[in-house]
Amino acid sequence: MRVHIDWTACDGRGLCAELLPELLSEDDWGFPVARGDMTVPPALEPAARQAVDRCPALALKLITSDPARASS
Ligand code: SF4
């Protein structure tokens with residue numbers, strides 16, 4: 001499972017970087033910057049789901065390698 005950011009929707013409030021600091025930092029304008037390939041380790045799945053649920057722009061999704069199983 002990986003975090004996917006829809007850059008057309010993200011408005012750079014930086015909340016996701018606060019909720020998932022292990023996977024995301026933020027740039028000077030509050031836009032998220034990936035710390036790696038954004039693969040979510042099992043221990044971070046609850047935090048990743050919270051970040052998806054709380055993104056005010058609905059710009060985050062959790063995706064799997066099988067697109068048919070992607071969830072938001
Ligand atoms: S929480 Fe959503 S809108 Fe805010 S920076 Fe992250 S992806 Fe963008």
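Counting starts at 1 for both ligands and their atoms, following the listed order.
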Cys55 near atom 8 (Fe) of ligand 1 via N/O/S, less than 2.8 Å: no
Part of Leu24 within contact of ligand 1 (heavy atoms, under 4.0 Å): neither
Heavy atoms of other groups near Trp7 CH2, more than 12 under 6.0 Å: yes
Trace of the side-chain contact (heavy atoms from CB on, under 4.5 Å) decision for Val33 with Leu24: CA-CA 5 Å; Val33 177; Leu24 297 166; over 6 Å; no
Distance in Å, Asp11 CG paired with Leu58 CG, rounded so as to fall on 0.5 Å steps: 10.0 Å
Gap separating the CD1 atom of Ile63 from the CE atom of Met1, nearest 0.5 angstrom: 10.0 Å
Value rounded to 0.5 Å, distance of NZ in Lys61 from OG1 in Thr64: 12.0 Å
Option nearest atom 1 (S) of ligand 1 (shortest heavy-atom distance, choices Cys16, Cys10, Gly14): Cys16
Side chain to side chain contact (heavy atoms under 4.5 Å, CB included), paired with Leu20, selected from Leu60, Val3, Val40: Val3
Where ligand 1 meets Pro32 - atom numbers and elements under 4.0 angstrom, heavy-atom basis: 5 (S)
Contacting atoms of ligand 1, where contact means under 4.0 angstrom from a heavy atom of Ala57: 3 (S)
Leu60: numbered ligand 1 atoms lying under 4.0 Å from its heavy atoms: 7 (S)
Distance from atom 3 (S) of ligand 1 to nearest protein heavy atom, with residue and atom: Asp11 OD1, 3.2 Å
